[in-house]
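Worksheet: the structure to be examined is printed underneath.
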Amino acid sequence: MFGEEIDGAKLVKNVAQNMEEIFRKKAEATRRLVEAAEEAHLQHEENPDLQYEYFNAVLINEVDEDGNSVELGGEFLLEPNDHFNNLSVNLSLSVVQVPTNMYNKDPDIVNGVYWSEALNKVFVENFKRDPTLIWQYFGSAKGFFRQYPGYNQEIRYVEPCLNGTLVQADSTNKDHFKEHLDKLFAKGIGLLGNALTEAFTILNEINQTGRGSSCSQAIMLITDGGTEMHDDVFAKYNWPERKVRIFPYLIGRESAFADNLKWMACANKGYFSQISTLADVQENVMRYLHVMSRPKVIDHEHDTVWTEAYVDSAVTSVPPQKNQGILLGVVGTDIPIQELMKTIPKHKLGIHGYAFAITNNGYILTHPDLRPLYQDGQKRKKPSYSSVDLSEVEWEDTEDVLRTAMVNRRTGTFSMEVKRTVDKGKRVLTMHNDYYYTDIKGTPFSVGVALSRGHGKYFFKGNVSLEAGLHDLEQPDVALADEWTYCNTDEHHEHRHLTQVQAIKLFMTSRKPHLKCDRELIQQVLFDAVVTAPLEAYWTGLALNKSENSDKGVEIAFLGTRTGLSRTNLFVVPEQLTNQDFLTAEDKEGVFNADHFPLWYKRAAEQVPGTFVYSIPFSSGGENKSVVLASTAIQLLDDRKSPIVAAVGIQMKLEFFQRKFWTASRQCNALDGKCTISCDNEDIKCYLIDNNGFILVSEDTSQTNLFFGEVEGVVMNKLLLMGSFKKINLYDYQALCKEYAGSSDSAHTLLDVSTLSSLNLVFMCVAQRAQRTMMVPCDTEYPAFVSERTIKETTGNIDCGGCIRTFVIQQIPSSNLFMVVVENKCDCSSAPPVTMEPIEIIYILFINQINISHNESLKCDRLKFQKDRRRPQSCHPFHLEENAMECGSANALNFPLVAILFPVLSFLISR
């Protein structure tokens with residue numbers, strides 16, 4: 001057993017070479033498509049009368065009333081494939097998408113589709129050569145879009161478990177549907193006819209069963225286009241009674257589809273609205289109320305309605321394709337960021353280390369601090385997620401030394417002190433990072449590796465027998481990090497069903513397994529499995545000893561090692577766990593993942609060896625999980641090398657932990673066992689806080705997990721002045737701030753609905769106010785707080801308007817906790833609280849008319865300021881053989897050249 005210092009320069013070079021190989025394979029695949037497309041077009045003779053049946057993505061597997069395949073449809077075999085997110089695809093053929101405002105059989109489309117059929121063979125061959133490929137595509141300058149593999153465009157429900165039925169529109173269900181709507185993403189072409197048919201079918205079935213109100217019925221259609229009126233659907237399901245109203249909403253400024261959608265509304269007693277901007281939403285969405293309430297108004301009905309109680313990844317390679325000076329289109333393939341992440345040896349990066357990559361413009365390809373989504377778990381991306389600059393996450397580099405070097409594709413090193421936030425930004429770790437960077441050959445990208453000094457620069461190695469290691473690795477209490485790559489099972493189809501443990505066993509025991517694995521990582525994870533094996537028997541003994549945990553206060557014991565191996569033991573049945581997300585994929589910060597160690601592991605590593613770290617997990621909503629986590633690091637002392645090799649901890653019920661504290665607080669060293677003062681006294685308040693100032697125990701349980709400064713602002717301020725705690729200012733350049741929309745006439749539209757009861761009116765006005773706010777990207781500054789380790793006990797006095805208030809703070813030995821006792825006899829409520837609320841950074845502030853010209857100048861300077869970027873390596877402004885006479889004319893504008901934009905963009909957005 002020995003500790004080894006990590007060579008950062010060698011590490012980043014290996015990472016760059018691994019990424020270079022990935023990009024090279026993808027570039028070769030696109031080059032083969034380019035060559036095939038140019039050759040196919042060269043051999044093709046344009047025929048304006050060409051008739052050719054192709055697989056149209058919208059029409060595949062569609063049949064007419066007689067059961068025959070519709071034109072441009074045909075039988076298209078589809079099978080679910082886990083490599084393509086379980087979408088039903090055809091690995092032998094591609095499909096063609098044609099924009100809704102173009103004719104499927106336009107001669108230019110048909111000829112282009114005909115010669116580009118030659119790409120099918122290349123698509124399939126590319127996928128055989130490189131099974132890690134995902135989507136491949138060809139976007140024609142004529143306006144169509146060919147994608148491989150071909151996939152279905154079946155109707156999908158917002159909530160899959162409710163397929164084919166309706167649910168009550170109560171607040172719980174509506175909130176649930178809103179959450180799922182955030183996870184939808186645009187892809188392909190909308191099938192309005194199919195969707196309308198499905199909606200009418202569901203309504204008819206509900207009516208026949210007698211469920212639902214069987215009163216007012218409506219279908220709201222939200223779309224960005226409609227080339228047909230779908231009168232056949234309405235004739236079949238809704239005419240002549242027209243019992244179901246249709247409310248189409250056209251999204252966008254395009255007016256070409258307005259007539260069709262308005263006809264649908266008028267023909268079905270509905271109302272058509274076009275929403276071009278966010279400002280239109282408030283005014284237009286609620287117009288259906290006027291229509292739905294018309295019968296009541298005419299009948300002079302004034303019903304009283306009682307409401308419920310309420311309270312206010314991918315990098316895309318798209319090389320140009322040309323033939324005889326004519327742009328044929330673009331070809332490309334997607335490179336999942338996850339595939340790049342698999343090339344990174346995470347065990348060599350240490351607990352706080354990470355790898356990252358940027359473009360020649362300084363924009364981030366991958367970085368652990370990149371937050372592209374509005375919320376975790378949602379697919380809705382921030383508008384500027386693809387243009388987050390390296391300087392916005394490595395903001396301590398105020399001179400842009402690291403960024404400039406990487407943009408210019410240099411190889412070198414850089415060091416600086418950094419502040420890394422954890423636990424949803426509420427806690428901060430200060431460390432010194434060494435950066436190593438180099439370019440990725442054959443691409444405009446650069447890659448970097450950050451290693452934290454101290455234990456982060458060393459890696460521990462040990463050896464065990466293969467037989468013992470595999471035996472202990474296959475035990476039921478052992479798991480490996482899901483997002484770590486011990487073996488790459490994606491390179492060959494026959495390995496995709498293997499778990500990482502199965503792949504390791506195959507690699508280590510077979511003579512020619514044809515698996516690419518990290519042998520060094522495997523050897524170390526086998527060592528960890530053997531060394532930690534005795535824990536299973538120890539935990540089992542504790543579970544059998546009822547006196548050790550009689551009231552089931554301790555629920556889980558867990559261990560994690562530097563190789564991504566974890567062991568867990570439950571002391572209660574899974575259904576009784578207070579926090580069931582812990583150590584699951586739902587708890588992103590609590591498990592080993594692609595770019596970081598678990599939170600409990602990282603925090604334990606930064607404490608004094610032998611110290612336990614206690615905390616209450618923060619959930620996404622800010623409420624606590626009613627549990628306390630306690631963890632400590634296991635450090636190997638090897639001369640000057642002292643790597644952290646593992647961390648171990650427990651999860652216990654919050655109530656159990658608090659009860660233990662109150663029991664201990666009543667004990668004292670008096671001979672008679674009676675304390676002169678204790679936390680039971682009404683003249684004092686007792687708190688237990690952690691090293692970041694969050695309350696774990698308070699007499700008022702509603703204060704649990706609040707920041708101490710929000711509860712005792714005057715005491716927190718004094719602790720800051722005395723140096724017991726320090727404030728650290730942090731910056732978030734990917735923040736979201738609320739923006740309040742201006743007033744609109746839409747506010748009056750609700751007041752005009754006189755038929756609604758007062759209770760409903762109040763509810764709708766509240767909803768209207770909520771719609772006036774939107775989240776927009778912004779920059780913020782916010783504080784974090786951390787205790788001073790050297791101060792073990794402090795006493796202070798506070799003058800609150802002539803009344804002296806005394807407090808004592810003392811560290812709990814071998815922990816990150818502090819007990820704070822505060823006298824309760826003075827009223828200090830007039831003092832402001834100390835909060836952690838972020839403050840938006842306003843770069844341009846107009847104070848008065850005199851400063852306007854000056855601030856306009858500042859604004860202009862900011863717009864003109866540009867960070868370093870590397871120019872493209874090649875440039876093609878003109879060519880001697882180009883035909884300069886083809887410069888266009890008023891009657892020669894060709895729409896298909898523009899139409900390519902929509903399918904290409906919609907495809908890229910869907911990725």
Side-chain angles (χ1 to χ4, degrees), residues 426-428 614-616 618 622 624 628 654 657-670 673-729 782-839:
K426 295 181 181 295
R427 306 182 189 276
V428 62
Y614 297 84
S615 64
I616 299 175
F618 293 100
N624 67 72
V628 174
L654 175 61
F657 176 81
Q658 292 176 337
R659 181 158 35 89
K660 291 288 186 182
F661 169 78
W662 292 123
T663 300
S665 70
R666 297 186 183 100
Q667 298 174 358
C668 57
N669 296 325
K674 296 181 179 179
C675 304
T676 57
I677 185 172
S678 73
C679 291
D680 292 331
N681 291 35
E682 294 183 357
D683 294 335
I684 63 172
K685 289 183 178 179
C686 294
Y687 303 93
L688 188 66
I689 66 174
D690 66 19
N691 60 313
N692 296 116
F694 292 100
I695 299 173
L696 281 81
V697 182
S698 169
E699 296 165 9
D700 182 352
T701 56
S702 67
Q703 296 172 348
T704 303
N705 227 19
L706 292 181
F707 178 59
F708 183 65
E710 296 178 11
V711 177
E712 295 281 359
V714 67
V715 178
M716 191 69 207
N717 266 321
K718 189 69 173 181
L719 291 173
L720 291 169
L721 290 173
M722 297 169 63
S724 298
F725 276 78
K726 60 181 177 181
K727 177 182 176 181
I728 299 175
N729 289 324
Y782 64 99
F785 300 85
V786 65
S787 64
E788 176 54 59
R789 286 183 178 178
T790 59
I791 299 178
K792 305 300 181 184
E793 182 176 348
T794 301
T795 302
N797 297 312
I798 305 167
D799 186 349
C800 295
C803 179
I804 304 301
R805 191 182 192 193
T806 303
F807 69 88
V808 178
I809 179 171
Q810 186 177 53
Q811 185 175 17
I812 307 297
S814 301
S815 78
N816 69 321
L817 301 179
F818 295 84
M819 183 174 179
V820 185
V821 180
V822 183
E823 280 189 339
N824 199 28
K825 64 181 182 179
C826 298
D827 182 8
C828 300
S829 59
S830 60
V834 178
T835 73
M836 299 180 67
E837 288 298 312
I839 300 174

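With Asp700 contributing its side chain and Ser702 its backbone, the two residues share a donor-acceptor pair below 3.5 Å. For the pair Arg805 (side chain) and Ile798 (backbone), a donor-acceptor distance under 3.5 Å is absent. In this structure, Asn681 contributes its side chain and Asp683 its backbone to no donor-acceptor pair below 3.5 Å. Between the side chain of Asn797 and the backbone N or O of Thr806, no donor-acceptor pair lies under 3.5 Å. Listed for the Gln811 side chain is a donor-acceptor partner under 3.5 Å among the backbone atoms of Ser815.
One distance of note links CD of Gln810 with CD1 of Ile812; it measures 6.5 Å at 0.5 Å rounding. The CG atom of Asn705 sits 8.5 Å away from the CG atom of Leu654 when rounded to the nearest 0.5 Å. Summarising the geometry, atom CG belonging to Leu719 is positioned 6.5 Å from atom CZ belonging to Phe708; distances are rounded to the nearest 0.5 Å. Rounded to the nearest 0.5 angstrom, Glu712 CD and Lys718 NZ are separated by 14.5 Å. One finds the OG1 atom of Thr701 at 7.5 Å from the CD atom of Gln658 (value rounded to the nearest 0.5 Å). Here the CD-CE distance, from Glu788 to Met722, works out to 13.0 Å after rounding to the nearest 0.5 Å.
Taking both residues in full, the closest heavy atoms of Gly723 and Ile791 are given as O-CD1, 3.4 Å, listed atom of the first, atom of the second, then distance. Residues Arg427 and Phe618 share a closest heavy-atom pair of NH2-CE1, 3.7 Å. Residues Met836 and Pro783 come closest through the heavy atom pair CE-O, 3.6 Å. Heavy-atom minimum distance, Cys686 versus Glu699: N-OE2, 3.6 Å. Taking each heavy atom of Ile684 and Ser678 in turn, the nearest pair found is CD1-O, 3.1 Å. The two residues Thr704 and Leu696 make their nearest non-hydrogen contact at CG2-O, 3.9 Å.
Between Cys826 and Cys803 the SG-SG gap is short of 2.5 angstrom.
For Lys660, the NZ atom sits in a loose shell: 12 or fewer heavy atoms of surrounding residues, nucleotides or ligands are nearer than 6.0 Å. Around the CD1 atom of Ile839, the shell of radius 6.0 Å holds no more than 12 heavy atoms that belong to other residues, nucleotides or ligands.
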Would you sort out whether Val834 and Phe785 count as a side-chain contact (heavy atoms from CB on, under 4.5 Å), showing the intermediate values?
CA-CA 11 Å; Val834 178; Phe785 300 85; 3.7 Å; yes
Is there a side-chain contact (heavy atoms from CB on, under 4.5 Å) between Glu682 and Asn824? Walk through the geometry before answering.
CA-CA 8 Å; Glu682 294 183 357; Asn824 199 28; over 6 Å; no
Test side-chain contact (heavy atoms from CB on, under 4.5 Å) on Thr835 and Phe707; report intermediate values, then the result.
CA-CA 7 Å; Thr835 73; Phe707 178 59; 6.0 Å; no
Evaluate the side-chain contact (heavy atoms from CB on, under 4.5 Å) criterion for residues Phe725 and Ile809: first the C-alpha distance (whole Å), next the side-chain angles of each, then the deciding distance (0.1 Å), finally the verdict.
CA-CA 11 Å; Phe725 276 78; Ile809 179 171; 4.0 Å; yes
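Cation-pi contact between Lys426 and Phe694: absent, since separation from the ring centre below 6.0 Å together with deviation from the ring axis within 45° is not met.
The closest side-chain heavy-atom distance from Thr794 to Val808 is not below 4.5 Å.
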